[in-house]
Amino acid sequence: MTDLHPVRRALISVSDKTGLIDLGKALEERGVEILSTGGSAKALRDAGVAVKDVADVTGFPEMMDGRVKTLHPMVHGGLLALRDNDAHVASMEEHGIGAIDLLVVNLYPFEETVAKGADYDTCIENIDIGGPAMIRAAAKNHAFVNVVVDVQDYEKLLGDMDQHDGKTCPKFRKKLAQRAYARTAAYDAAVSTWMADALELEAPRRRAFAGELKQTLRYGENSHQKAAFYTDGSNRPGVATATQLQGKELSYNNINDTDAAFELVAEFDPAVSPAVAIIKHANPCGVAQGATLVEAYQKAFDCDRTSAFGGIVALNQPLDAETAAKITEIFTEVVIAPGASDEAREIFAAKKNLRLLLTDGLPDTRAPLTAYKQVSGGLLVQDKDVGYIGMDDLKVVTEKAPTDEQMRDLLFAWKVGKHVKSNAIVYVKDLATVGVGAGQMSRLDSANVAAAKAQRMADELGLPQSLAKGSAVASDAFFPFPDGLLEAAAAGATCVIQPGGSMRDNEVIDAANEAGLAMVFTGMRHFRH
């Protein structure tokens, strides 16, 4: 096949030297001449691999602290020349330019430098220039040149060469070129995003987004949708960075729901008390704090036992044996926690289909993040909702003020409501949800749904009255009319937390006073679409 091209000469210049020595030796064994620079050349020589310095090829030494070493016609001509173009071949012969058939480059560790919190000037110095230029040149000329930017492709390169007697096939080179352009695009995205943040640009003229494939998924939300899972390079504890100890691969919906569960349970400080969140279809069906983890789980489970079946469970403390045993009493899809005891792992091991994910900690729910949502023809970009309300932020607006116990439940309900799809109504009693109304088109409907769930669960538990009796209720946005608030009062709520800000706030406050409710305003809403 004429599209097969031999690999006779390679240029290797890498920051990440993982696998470098093995690759260099393998190429040398296959008769490939190796050009290299700086630390890569030294590492190869120290390992006994014959290397020619790029400086000897270009006739120029590395200069300006290594900023200029490969930006030269002897390099770029060798990468860009079309081997089947007579004029290109003549130019190579005239100027003594040797063809480069393989480029192995990984870039200065810019993303890692930013992640470590380096200052502006240090980050700038870690922006690679020569590397991306060579990568793009080699990728453009993939008809003849192999470009490798990922360590995991070293063995694939050698395998393709061995399969074709020292040559590579066009299909393989095309795949390498695509990966190369994706890498430089991701690199530029990281640089431009960092600079926008450093310059405090709220809406830069252009935004670039990048991710690295973590998992190819069997399908998306539904079986007819294709899907994949990408990581964004951050180290935020959660489903993307967790270690899965057992169970089959996570699905698209598993990943989405597990993220929702863990972000919610992280609202509750593990140093204060254990907390458990049970999620179904990205909405909480039970959230609770308790004296122990197993108590918190039981309280969360007793909010909506029906919805908890096949749900996602998130813990804010390491999983212990007693809680593990309780969780396995029903079918659960995923459990995510910041650790697990050996005994808990043994209990879960008997449930082969139960996925157990462990993280290195909890995400910081107040750390600024950027959220994206695709719409037809574009992207909506906003700050992630990391809004926080504490005791000092609340304004009592009714004649009756909440008691300390009520205030505790109100703030708990407010944290949960932040993670419920709008319109959201959440009833809480004794630091546990007892009714959740999510995603309804009116706030009155959400109040009705939450109240109905509280009554149904009371019936299931054989209790004489609704779980909502004596509860605190949270609304993610203001009550536009008194009807939703009065529905909560009829269900048994005794106190209310809501943002306020409606044109009819006075009507709502009057209704609360008439119903004997205590109510506080937060001045902040938590719409979640």
> Step by step, would you call E333 with R355 a side chain to side chain contact (heavy atoms under 4.5 Å, CB included)?
Replying inline: CA-CA 6 Å; E333 288 275 10; R355 292 95 154 184; 2.5 Å; yes

Are more than 12 heavy atoms from other residues, nucleotides or ligands located less than 6.0 Å from atom [atom1] of [X]?
X: E212; atom1: CD; value: no
X: D16; atom1: CG; value: yes
X: Q374; atom1: CD; value: no
X: K175; atom1: NZ; value: no
X: R136; atom1: CZ; value: no
X: E202; atom1: CD; value: no
X: R183; atom1: CZ; value: yes
X: E112; atom1: CD; value: yes

Ignoring hydrogens, what is the shortest heavy-atom contact between [X] and [Y]? Give both atom names and the distance.
X: T332; Y: G311; answer: CG2-O, 3.3 Å
X: C123; Y: A118; answer: SG-O, 3.6 Å
X: A491; Y: A468; answer: O-CB, 3.4 Å
X: R443; Y: S475; answer: NH1-OG, 2.9 Å
X: S446; Y: Q440; answer: OG-CB, 3.2 Å
X: F301; Y: I330; answer: CE1-CD1, 3.6 Å

With the side chain counted from C-beta on, respond yes when [X] and [Y] share a heavy-atom pair under 4.5 Å apart, and no when they do not.
X: V104; Y: L23; value: yes
X: V287; Y: C303; value: no
X: C285; Y: I278; value: yes
X: H419; Y: E267; value: yes
X: L357; Y: T359; value: no
X: I497; Y: T522; value: yes
X: T370; Y: T193; value: no
X: Y427; Y: L467; value: no

> Is any NZ, NE, NH1 or NH2 atom of the basic residue among R236 and E263 found under 4.0 Å from an Asp or Glu carboxylate oxygen of the other?
Replying inline: yes

>> Salt bridge or not between D385 and R528? Use side-chain N to carboxylate O under 4.0 Å.
In response: no

Side chain of [X], backbone of [Y]: donor and acceptor closer than 3.5 Å?
X: R179; Y: V148; value: no
X: Y187; Y: Y108; value: yes
X: S40; Y: V14; value: yes
X: N106; Y: S15; value: yes
X: D232; Y: G211; value: no
X: N316; Y: P274; value: no
X: S422; Y: A424; value: no
X: N222; Y: H224; value: no
X: D259; Y: N256; value: no
X: Q215; Y: L250; value: yes

>> Applying side chain to side chain contact (heavy atoms under 4.5 Å, CB included) to L411 and L394, what does each step give before you reach the verdict?
In response: CA-CA 9 Å; L411 286 172; L394 300 177; 3.8 Å; yes

>> Would K214 and Y230 count as a side chain to side chain contact (heavy atoms under 4.5 Å, CB included) here? Give the steps.
In response: CA-CA 5 Å; K214 178 180 178 68; Y230 288 81; over 6 Å; no

Interatomic distance, [X] atom [atom1] to [Y] atom [atom2] [nearest 0.5 angstrom]:
X: D119; Y: I124; atom1: CG; atom2: CD1; answer: 10.5 Å
X: K384; Y: T365; atom1: NZ; atom2: OG1; answer: 9.0 Å
X: M457; Y: L461; atom1: CE; atom2: CG; answer: 4.0 Å
X: K429; Y: K469; atom1: NZ; atom2: NZ; answer: 10.0 Å
X: L315; Y: F262; atom1: CG; atom2: CZ; answer: 8.5 Å
X: E125; Y: Y120; atom1: CD; atom2: OH; answer: 11.5 Å

>> Could you check whether N253 and S251, counting side-chain N and O atoms only, form a donor-acceptor pair closer than 3.5 Å?
In response: no

>> Let's go through V334 and D257 carefully: what are the C-alpha distance in whole Å and the side-chain angles of both, what is the deciding distance for side chain to side chain contact (heavy atoms under 4.5 Å, CB included) to 0.1 Å, and is it a yes or a no?
In response: CA-CA 9 Å; V334 181; D257 290 352; over 6 Å; no

>> If the condition is side-chain contact (heavy atoms from CB on, under 4.5 Å), which residues does N235 pass it with, not counting sequence neighbours?
In response: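 Once residues adjacent in sequence are excluded, N235 has no partner under the side-chain contact (heavy atoms from CB on, under 4.5 Å) criterion.
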
> Tell me the salt bridge (Lys or Arg N to Asp or Glu O under 4.0 Å) pairs involving residues 298-327, sequence neighbours left out?
Replying inline: D302-R305, D304-K453, D304-R456, K326-E329

> Do you know which of V416, V276, L362 makes side-chain contact (heavy atoms from CB on, under 4.5 Å) with F268?
Replying inline: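 Filter result, single survivor: V416.
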
> Parallel, tilted or perpendicular for F209 and Y372, by the 30°/60° rule?
Replying inline: perpendicular

